[in-house]
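Just so you know, ligand 1 is whichever comes first in the structure, and atom 1 is the first atom listed for that ligand. Quick note: numbers below take in every heavy atom, side chains included, and nothing from hydrogens, waters or symmetry partners.
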Amino acid sequence: MIWGEHRGEVDDDGVLAAYPWPDEGPWVRAMMVTTLDGAPAGPDGLSGSISGDADRAVFRAVRRHADAVLVGAGTIRAEGYGAMRAQEADAEARERNGQRPAPRLAMVSPSLDLPWDTEVFTGSDEVPLVLTVAEPPAEALARAREARAEVLTAPGDDVQPGWVLDQLVGRALRRVVCEGGPQLLEAMVRAGLVDEADITLSPVFAGHEHVSSSDGLAEVARFELRHVLSADGFLMNRYVKA
Ligand SMILES: NC(=O)c1ccc[n+]([C@@H]2O[C@H](COP(=O)([O-])OP(=O)(O)OC[C@H]3O[C@@H](n4cnc5c(N)ncnc54)[C@H](OP(=O)(O)O)[C@@H]3O)[C@@H](O)[C@H]2O)c1
């Protein structure tokens, strides 16, 4: 840690301790890696190509005590998420916190165009949640209902971030890590629902071919820097809402 309360070397437990969850929830933590030119993905359209071991260590640590991992459908389609399973090393702490053994994946997808047969659906310990609009395409909805997923339809023709968070909190999922992508993250920030931003700066340029279009924000949403971890040329920054 090169800036922050506990400067010095940090091991895996130190990384976990550097990303505390508040006792009371809900708490929404945004987790993203970005390049020097602000891109969320490399030339292959994936975040893995702009990430590295140190960034992945933080990513894993942040998931360890999360109740829910919230992502947009674009991220699920692009990144090929694996199954979300309980980790032996976290069992005791999670039980002590009154948490389920594994985090639950929650996806926002108006189109319901999702890879239903992949292990993120078939192999995750907790049945994934899919949050969609009141009237998604009928065929896609029929397919979704056959999948191993709990499909929740919003009251209207959009999926409001506030409604999404209510659905999570209503299921006792209060520690939420939002892993993007940029479109979902922007909507969450616009709604004022992001409490913390854990943003890794990767020491590469990648161009902006894979950035989705955006409505933008009416004004900036300000955050305060809490710590900077550095390894292998990467800066892992933790910010909390100002
Ligand atoms: N750098 C990083 O840390 C990071 C993290 C995640 C993703 N990525 C990259 O980001 C790219 C994907 O970007 P993206 O912005 O398209 O990702 P995204 O936000 O995950 O996905 C966009 C899709 O999610 C749904 N969605 C998101 N926000 C919504 C909202 N407010 N209301 C309703 N639906 C919403 C829609 O689903 P439907 O299409 O199903 O209607 C939309 O098309 C990929 O290249 C991925 O690799 C990078």
Side-chain angles (χ1 to χ4, degrees), residues 28-52 54-60 62-63 69-82 105-116 120-121 128-137 139-141 143-144 147 149 151-167 176-194 197-217 234-237:
V28 178
R29 174 174 267 176
M31 182 88 212
M32 292 282 286
V33 55
T34 172
T35 63
L36 297 176
D37 49 350
D44 59 355
L46 299 174
S47 59
S49 59
I50 60 169
S51 178
D55 173 50
R56 277 188 277 272
V58 172
F59 184 87
R60 279 197 304 272
V62 164
R63 273 189 178 189
V69 172
L70 175 65
V71 284
T75 297
I76 291 292
R77 289 191 290 263
E79 298 277 341
Y81 266 43
L105 185 71
M107 285 154 274
V108 176
S109 182
S111 76
L112 291 180
D113 173 15
L114 289 167
W116 303 109
V120 70
F121 287 101
L129 278 172
V130 177
L131 300 109
T132 190
V133 287
E135 291 183 26
E139 237 175 80
L141 181 61
R143 174 69 191 91
V151 180
L152 304 171
T153 50
D157 57 8
D158 53 9
V159 184
Q160 293 288 343
W163 174 79
V164 170
L165 192 57
D166 286 347
Q167 299 310 305
V176 179
V177 48
C178 178
E179 297 180 357
Q183 189 182 330
L184 178 62
L185 182 56
E186 182 180 296
M188 295 292 290
V189 172
R190 191 185 302 112
L193 296 178
V194 174
D198 301 329
I199 308 295
T200 292
L201 185 63
S202 171
V204 299
F205 283 82
H208 282 257
E209 190 188 347
H210 300 283
V211 178
S212 50
S213 66
S214 141
D215 295 335
L217 300 179
F234 286 78
L235 297 177
M236 280 72 67
N237 306 303

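- Taking atom 13 (O) of ligand 1 as the reference point, the nearest protein heavy-atom neighbour is Pro182 CD, 3.4 Å.
- Some N or O of Gly45 is nearer than 3.5 Å to an N or O of ligand 1, by distance alone.
- The heavy atom nearest to atom 18 (P) of ligand 1, out of those in Ser202, Ala41, Gly181, Ser214, is found in Gly181.
- When the heavy atoms of Gly80, Ser111, Ala78 are ranked by distance to atom 38 (P) of ligand 1, first place goes to Ser111.
- In Glu179, the part holding a heavy atom less than 4.0 Å from any atom of ligand 1 is the backbone.
- Close approach to Ser47 involves these atoms of ligand 1, each under 4.0 Å from a residue heavy atom: 1 (N), 2 (C), 4 (C), 47 (O), 48 (C).
- Polar contact check, Arg77 against ligand 1: a nitrogen or oxygen pair lies under 3.5 Å apart.
- When hydrogens are left out, the protein atom nearest atom 31 (N) of ligand 1 is Ala187 CB, 3.2 Å; that is the closest non-hydrogen contact.
- Between the side chain of Glu179 and the main chain of Ala30, no donor-acceptor pair closer than 3.5 Å is present.
- Ligand 1 has Val108 within reach: a non-hydrogen atom of the residue lies less than 4.0 Å from it.
- Nearest to atom 19 (O) of ligand 1 among the protein's heavy atoms is Leu184 N, 3.0 Å.
- Every residue meeting the side chain to side chain donor-acceptor pair (under 3.5 Å) condition with Ser49, not counting sequence neighbours, appears here in chain and number order: Asp44.
- Taking Ala57 as the reference, Arg60 meet the side-chain contact (heavy atoms from CB on, under 4.5 Å) condition, with sequence neighbours excluded.
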